[in-house]
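Sequential numbering from 1 along the given sequence is applied to the chain's residues. The figures here come from the full heavy-atom set of this structure, side chains too, leaving out hydrogens, waters and symmetry mates.
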Amino acid sequence: MFTLLGNIPANAKWAQNGVTIAGGNGYGDATNQLSGHEGLFVDDDQTVVIVDRENHRIMQWKNGDTTNGQVVAGGKGQGNGLHKLDRPTDVLIDKETDSLIICDWGNRRVVRWSRRSGTTQGEILIDNIYCWGLTMDEQRYLYVSDVEKHEVRRYQLGDKNYTLVAGGNGKGDGLNQLNVPIYIFVDRQQTVYVSDYHNHRVMKWNKGATEGIVVAGGQGRGNALTQLYRPQAIFVDTLGTLYVADSGNHRVMRWTQGDKKQGTVVVGGHGQGAGENQFNYPWGLSFDRHGNLYVADRYNHRVQRFSIE
């Protein structure tokens, strides 16, 4: 699964108008619709896997087919059977086992679904965790954020024991605390980046650290270039450049390594709306290997692709 983007030039620009590559047909549960979707993951062949939260399913949209997606997990209504999901929040592709790993938030569990055709149910990897975000590193350790315990954990696949890698000191805004950690990203050095939702900041925890470092926001809620408002998905490239879905400000921002003072707006930032250059709460964020940017535009019920220029 571990996808590290090549060097995106620090001065890279993206088309300001996005192209809808999934959804965009209003709220609903048809195969051409999304409702309240969250995390997304882009595979090497530009297949996009999307968490369709309110429909309790994971959808896959093939590159070039923007008309209809296919249900690849769940989609049998809300429930806790192994064939069902309950308000899932994040997904990743584990290439080694050709499976999806899903944060099944409403069921307080992390589950794995094979991508092989004919799969009708998943298996539980971790239970009794109020998970929200998940990712995997090169050594195939699984990282999961727990929004109830305000911490990020690292698991060896198949092992219920975990190592605490961020937070875990109760809810708060100290450097050793988090306040609803949602999406996470891990680099090659096992540095953990966390979108610290209610603290309106992104934190970076070096491997083995007991405190984090604020790398974006942390100046209170607001729309200045020094601020974030309910940050969601994050992505870090090989240069250490951080990309943030700044959901409450309806924009995607970039913070370059070493410049902690302010970020720049990459796309969006034109107010809340449904235009091609607008968002209505961007939540999910990903890149393909060419550097094109994908954004889950939550309340426009669509995924937008912005081409790198």
Side-chain angles (χ1 to χ4, degrees), residues 36 38-39 51 53 86-92 102-110 125-135 137 141-155 160-187 190-224 226-236 242-249 253 255 260 263 281-285 298:
E38 313 241 342
V51 176
R53 188 175 192 216
D86 182 355
R87 291 161 289 164
T89 51
D90 205 5
V91 63
L92 63 83
I102 302 161
C103 169
D104 189 11
W105 177 84
N107 285 320
R108 302 176 68 104
R109 65 191 183 189
V110 177
L125 293 179
I126 306 165
D127 54 13
N128 196 27
I129 180 170
Y130 229 7
C131 62
W132 195 282
L134 43 80
T135 190
D137 69 16
Y141 283 102
L142 185 65
Y143 296 73
V144 187
S145 66
D146 185 326
V147 293
E148 186 178 55
K149 299 222 162 70
H150 308 286
E151 64 191 29
V152 180
R153 303 170 175 185
R154 182 177 70 224
Y155 290 85
K160 295 280 194 276
N161 297 320
Y162 63 85
T163 305
L164 190 68
V165 293
N169 293 295
K171 178 168 76 171
D173 61 2
L175 291 178
N176 68 346
Q177 293 178 303
L178 298 164
N179 187 350
V180 186
I182 45 176
Y183 292 107
I184 47 182
F185 187 92
V186 178
D187 70 12
Q190 294 186 327
T191 306
V192 179
Y193 294 81
V194 188
S195 55
D196 191 9
Y197 185 75
H198 281 306
N199 284 326
H200 312 292
R201 66 187 183 183
V202 176
M203 299 285 286
K204 168 182 165 180
W205 294 64
N206 292 315
K207 187 178 179 181
T210 54
E211 286 192 346
I213 302 158
V214 179
V215 290
Q219 305 293 321
R221 173 179 126 182
N223 63 6
T226 55
Q227 294 176 302
L228 296 168
Y229 181 15
R230 296 188 178 156
Q232 294 282 348
I234 51 180
F235 197 101
V236 182
L242 167 70
Y243 296 84
V244 186
D246 187 13
S247 72
N249 288 320
M253 296 197 72
W255 258 266
K260 308 297 185 279
Y281 292 94
W283 283 52
L285 173 80
R298 189 170 201 238

N/O donor-acceptor pair under 3.5 Å between [X] side chain and [Y] backbone:
X      : Y      : answer
Arg201 : Asp173 : yes
Gln227 : Gln219 : yes
Asp104 : Asp86  : yes
Thr191 : Asn206 : no
Asn176 : Glu211 : no
Asp196 : Asn179 : yes
Lys149 : Gly167 : no
Ser247 : Trp283 : no

### Task
Using a strict 4.0 Å threshold on nitrogen-to-oxygen distance, state whether Asp146 and Arg153 make a salt bridge.
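Salt bridge between Asp146 and Arg153, a charged N being under 4.0 Å from a carboxylate O: yes.
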### Query
Any salt bridge between Arg109 and Asp127, counting N to O under 4.0 Å?
no
### Geometric class of the Trp105/Trp132 ring pair [parallel <30°, tilted 30-60°, perpendicular >60°]
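Taking Trp105 first and then Trp132, their aromatic rings stand perpendicular (interplane angle over 60°).
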### Message
Is the ring pair Tyr162/Tyr155 parallel, tilted or perpendicular, if the boundaries are 30 and 60 degrees?
### Response
tilted
Tell me, do [X] and [Y] make a side-chain contact under 4.5 Å, heavy atoms counted?
X      : Y      : value
Asp90  : Tyr183 : yes
Val144 : Tyr130 : no
Leu175 : Ile213 : no
Glu148 : Arg108 : yes
Arg298 : Glu38  : yes
Leu134 : Leu92  : yes

#### Entry: Candidates Val152, Val244, Ile234 - the one meeting side chain to side chain contact (heavy atoms under 4.5 Å, CB included) with Tyr193
Ile234
### Query
With respect to Ile182, which candidate in Ile184, Val180, Leu178 satisfies the side chain to side chain contact (heavy atoms under 4.5 Å, CB included) definition?
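Output: one option passes, namely Val180.
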Atom pair [atom1]/[atom2] of [X] and [Y] - distance to nearest 0.5 Å:
X      : Y      : atom1 : atom2 : result
Asn199 : Leu228 : CG    : CG    : 11.5 Å
Cys103 : Arg53  : SG    : CZ    : 9.0 Å
Asn249 : Arg230 : CG    : CZ    : 11.0 Å
Thr210 : Leu164 : OG1   : CG    : 10.5 Å

If I compare all heavy atoms of [X] with all of [Y], which pair ends up nearest, and what's the gap?
X      : Y      : result
Gly263 : Met253 : C-CE, 3.7 Å
His150 : Pro181 : CA-CD, 3.6 Å
Ala245 : Pro282 : CB-O, 3.7 Å

### Message
Apply side-chain contact (heavy atoms from CB on, under 4.5 Å) to residues Trp205 and Val165 and explain how you reach the verdict.
### Response
CA-CA 7 Å; Trp205 294 64; Val165 293; over 6 Å; no
### Message
Under a plain distance cut-off of 3.5 Å, with no hydrogens placed, do Gln190 and Asp137 share a side-chain donor-acceptor pair?
### Response
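Their side chains do contain a donor-acceptor pair, which is all the 3.5 Å distance test asks for.
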### Task
List the steps and the verdict of side-chain contact (heavy atoms from CB on, under 4.5 Å) for Tyr281 and Gln232.
CA-CA 9 Å; Tyr281 292 94; Gln232 294 282 348; over 6 Å; no
### Message
Taking the six-membered ring of Tyr141 as reference, does the cationic atom of Arg154 (NZ for Lys, CZ for Arg) lie under 6.0 Å from its centre and within 45° of its axis?
### Response
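Yes, cation above the ring, under 6.0 Å and within 45°.
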